[in-house]
Number of protein chains: 2
Amino acid sequence: MTMAASKPLRTRRKMQRVTIKDVAARAELSPSTVSLYFRKPDAVSASASEAIARAIEALDYVPNLMAGGLAAASSRVVSIIVPSVRNAFFAETVAALQEELSKQRLQVMLSHTEYREHDEENLVRTALAWAPAAVVLTGLSHSAATRRLLRDSKVPIVEIWELGSPTMDMAVGFHHDQVGHAAASHLLQRGRKRLLFLGARLHEDRRAARRAQGFVEAARNAPDVTAEVIQHPAPASAEVGAMLLGEAVHRFPNVDGIACSNDHIALGVIFECQRSGIAIPERLSVMGFGDLSFSAAANPSLTTIRPPGDLIGKEAARLIITRLAHSGAESEQAVIDTRFTLLHRQSS
Amino acid sequence: MTMAASKPLRTRRKMQRVTIKDVAARAELSPSTVSLYFRKPDAVSASASEAIARAIEALDYVPNLMAGGLAAASSRVVSIIVPSVRNAFFAETVAALQEELSKQRLQVMLSHTEYREHDEENLVRTALAWAPAAVVLTGLSHSAATRRLLRDSKVPIVEIWELGSPTMDMAVGFHHDQVGHAAASHLLQRGRKRLLFLGARLHEDRRAARRAQGFVEAARNAPDVTAEVIQHPAPASAEVGAMLLGEAVHRFPNVDGIACSNDHIALGVIFECQRSGIAIPERLSVMGFGDLSFSAAANPSLTTIRPPGDLIGKEAARLIITRLAHSGAESEQAVIDTRFTLLHRQSS
DNA sequence: GCTCAGTATAATAGCGCTATTATGTATCTG
DNA sequence: CAGATACATAATAGCGCTATTATACTGAGC
C-alpha cells in the first residue's frame, strides 16, 4: 500500500524576480555571506561588502522580508491598534511611533477598533499572525481572551494613552481622572461654583468618561460647588459643542465654569457664546482638552489641558526598541507616566 | 576535499507554539486538508471542517501569515504611504481604507514621508519587501527609481489625492488646480477684486501649491482683478493663519477676498479678524479648504471646499479589491475623479 | 462485476531566507 | 615550524505554510 520511491517530481512555483542567491552569484559569494552582510555588516570583509553592494545595486535587489521573518521566527513589524486615526490624538501618537520605529527599520501595521472594544480580539489575533516584534494597544481595557492570546505569544506589549491598575506588560500614558481633577481645580481656583462637564461619546470613549468622573469627584469635594455632566452620543466636534452649550444654559442657567472632553467641543462652546453674547471668561470660564492646533489662536484663546500625544508615541517606541535590544534580559515591566500640562489662557 | 555524507546533523530553531501540523494532528487529518480549510472552505467535508474548527478552538491556533505569504508568493498586506497621518485629510483616507480593506482580511502597513519626497523610494522598497497585495501612494510625483521599482514589481498601485497626467496604474482623487479655480471664481462672484491666497508650506505641499496656482490663474483671467500669494514655511495651523492675515493687511491693505490653503489657516484668519475688528464677510470674504470639523460651527461659519477624503479611501479600497479579485484579467487602468464640493457659508 | 469519473484527503516539494555548524586560510605563539 | 587561534566564508537544514500532484474512496454507467 505504501508507494515506492517517487519519480523525479518537479513542481513549479511562483517566485520573486531576484533573490539573495542571485546577488550571491553576481558577487561571487555564497548566499550565507550575503545574508550576513544584511544582518551583521561588520562580520564581512570590506571587499566582500563592496562586491555585495554592487550586486544589490546592479540587480535592484529587494529582500523578501516574509522569508526572513519566517526563518528568523520574528518580523520587524510593530502592530498598532488604536480606536481611530481620525482622532488627532491617536494620529499624533501613531505618527510619532512610526517615525521612531522606522529609524530602527521597524514597520508599522495599523488597525482601528473604531471604539468597538469587542473587535479588538480579532485584530490582536491577526496582528499576532505576523509574528510582530511588538504590539501597541490603546487603553487598558481588554477582554480576557485578548489578554491570554497576548500573554501566550510572549510578544512585548505596550498599552498607551491610559494609566491605571492592571497593566499587561509596558504602559505609557497618564491618568485621565487626574485630568478631570486638574480641570475642576482650575475652575474652582478661578472662583467658579456651578461647574459643568460637556462630553461627546462618553459611553464609548472610556478615557473621556474617566475625565468626566474625575472632574465631578474633585468638584463635589469642594464646598458650595455643584458639578454636572452633559453629553452627546456623536463624536466630538465644534457643532456638538455648540449644541451642548445650548443645552447647558437651558438646563443650568447659572453655570459659570465649563470643562469639555475635547477642544473641539470647547471651540464650539466659544463660537456659540460669541453668537449668544455670553462673555468668556467674565461670565463663563471655558476649558478644553487636547490643545489642538487652533486652541492657542482662538478668540479668546482656549485654556486647555495638553496630553503629550507625541511623547507617548516616542516613549512607546523607545520602550519597544529597548526591549528588542535586550531581548535576553529579564523583561522590566515599565510604566511611564507622561503627565499632562494645563495651559491657562484667556478663556478661563 | 568534498565531504562525505554528513552525520545526522540537527540544528534547533525557534518556533511557533502551535502550527498547522498540530491542528491537523488533533483533528486527525493532514496539514494539507487544514490548509485547504482556510483557503477553500467549501472543498472540505462538513465533518472534517467541524473537526478542524474544534482543533483550532482547542489549541487557540493562530496561523503564521509570513509562512503563508512566502509559500503563496503574496501577502494580504496593503502598503499605504502618505505624507503624514497628523494631517486630518490623510488620516481620514487611511481610516476609510483600513476599514474597507479589513473587511476583506487585508492588513494595512503604514508609512509616512513627512513631505520628504526623497524618502519615498526607500519606503517603497521596504513596502515591496513584504510582497504586498497593493501599494497606495499619495500624489503623482515620484522619482524615476520609485516608478521603476513599482513597475517591475507588478503590484497594483493606487495614487490618491491628486489627479493629473502621468498615472502609474490606478488613481483616485481630484484636480487641485480646479480647487484653486473654484475658489477664485467664488470670490469673484461675490464681487471681490483684490484677492489673496494664504498658504502654508507650499514648497513642500505640492497639492496646496497647485491650488494656489489655479487660484492665481483663474483670478488673473478676470478684468481689474489682482491676485497674490502669501505663504509661511510652517505647517498649516490657526496660528499661522493669524500671522498670515497680519502680513496680508499690512502688505495689501485693500484686500477683500482671501482663500486659504487649509481650514486651519482660515480659522486663524477669522479669529484675527475678530480681534482687529475686520468684518467678515462685509469687508473681507474668507474661504478655506478642507471642511474640517469646526468649519461649519465657526463664527461666522466658514465657506470652504470639501475634499472627499473618506470617499477617496473607499474608492481606492474598492479598486484594490476589484483588482485582486480579477487578478487574471487585463488590468484596467482606472482613474476616478472624486471631485470636490464648494460649501458656501457666512464667511464669504 | 468492472471500468470511469468525481470527490475528499494525503504526500510532497519548495517559497527565500536565517542561523547553526563546518571548513578553509591567515596570524600568532613559543 | 608544529600547533593553536582567530577570522572570513560556505554548506546545510529548516521556519510554517501553500500549491501541485497523487491516491484513496464513492457511486454511476454499461
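Being a predicted model, the structure only gives us computed values, none of them experimental. The sequence lines fix the lettering, A, B, ..., with proteins before strands; numbering per chain opens at 1.
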Can you check the [X] [atom1] to [N] [atom2] distance for me, whole Å?
{"X": "A:L36", "N": "D:dC7", "atom1": "CG", "atom2": "P", "answer": "14 Å"}
{"X": "A:K40", "N": "D:dC7", "atom1": "NZ", "atom2": "P", "answer": "14 Å"}
{"X": "B:E28", "N": "C:dT9", "atom1": "CD", "atom2": "C1'", "answer": "14 Å"}
{"X": "A:F38", "N": "C:dC17", "atom1": "CZ", "atom2": "P", "answer": "8 Å"}
{"X": "A:K21", "N": "C:dG14", "atom1": "NZ", "atom2": "P", "answer": "10 Å"}
{"X": "B:R76", "N": "D:dT18", "atom1": "CZ", "atom2": "P", "answer": "12 Å"}
{"X": "B:I20", "N": "C:dA10", "atom1": "CD1", "atom2": "P", "answer": "12 Å"}
{"X": "B:R39", "N": "D:dG16", "atom1": "CZ", "atom2": "C1'", "answer": "13 Å"}

Looking at [N], I'd like to know if its phosphate oxygens (OP1 or OP2) sit under 4.0 Å from a side-chain N or O belonging to [X].
{"X": "B:S30", "N": "C:dA11", "answer": "no"}
{"X": "A:Y61", "N": "C:dG16", "answer": "no"}
{"X": "B:T33", "N": "C:dA10", "answer": "yes"}

For a quick test of reading the model, state the closest non-hydrogen atom pair linking [X] to [Y] and the distance between them.
{"X": "A:A171", "Y": "A:L319", "result": "O-CD1, 4.4 Å"}
{"X": "B:L137", "Y": "B:V135", "result": "CD2-CG1, 3.9 Å"}
{"X": "A:M168", "Y": "A:E159", "result": "N-OE1, 2.8 Å"}

| said: Taking the basic N atoms (NZ, or NE/NH1/NH2) and the acidic carboxylate oxygens, is any pair closer than 4.0 Å for B:E99 and B:K103? | reply: no
| said: Strictly below 4.0 Å, N to O, side chains only: are A:K154 and A:D169 in salt-bridge contact? | reply: no
What's the closest nucleotide to the [X] side chain, out of [options]?
{"X": "A:T19", "options": "C:dT9, C:dT18, C:dC17", "answer": "C:dC17"}
{"X": "B:N64", "options": "C:dA8, C:dG16, D:dC17", "answer": "D:dC17"}
{"X": "A:V44", "options": "D:dT9, C:dT9, D:dG14", "answer": "D:dT9"}
{"X": "B:L70", "options": "D:dT9, C:dC15, C:dT9", "answer": "C:dC15"}

| note | Partner of B:I81 under side chain to side chain contact (heavy atoms under 4.5 Å, CB included), picked from B:T126, B:V124, B:T146, is B:V124
Heavy atoms under 4.0 Å, any strand shown: does [X] hit a base, just sugar-phosphate, or nothing?
{"X": "B:L29", "answer": "sugar-phosphate"}
{"X": "A:P63", "answer": "sugar-phosphate"}
{"X": "A:Y37", "answer": "nothing"}

| query | What class does the angle between the rings of A:Y61 and A:F38 fall in, given that below 30° is parallel, 30 to 60° is tilted and above 60° is perpendicular? | reply | tilted
| field | First of B:M66 and B:S32 reached from the 5' end of DNA chain D, by closest nucleotide | value | B:M66
| query | Where along residues 123-133 of chain A does a heavy atom fall under 4.0 Å from DNA chain D? | reply | none
| field | Derivation of the salt bridge (Lys or Arg N to Asp or Glu O under 4.0 Å) call for B:E315 and B:R318 | value | CA-CA 5 Å; B:E315 288 294 306; B:R318 197 177 57 73; 2.8 Å; yes
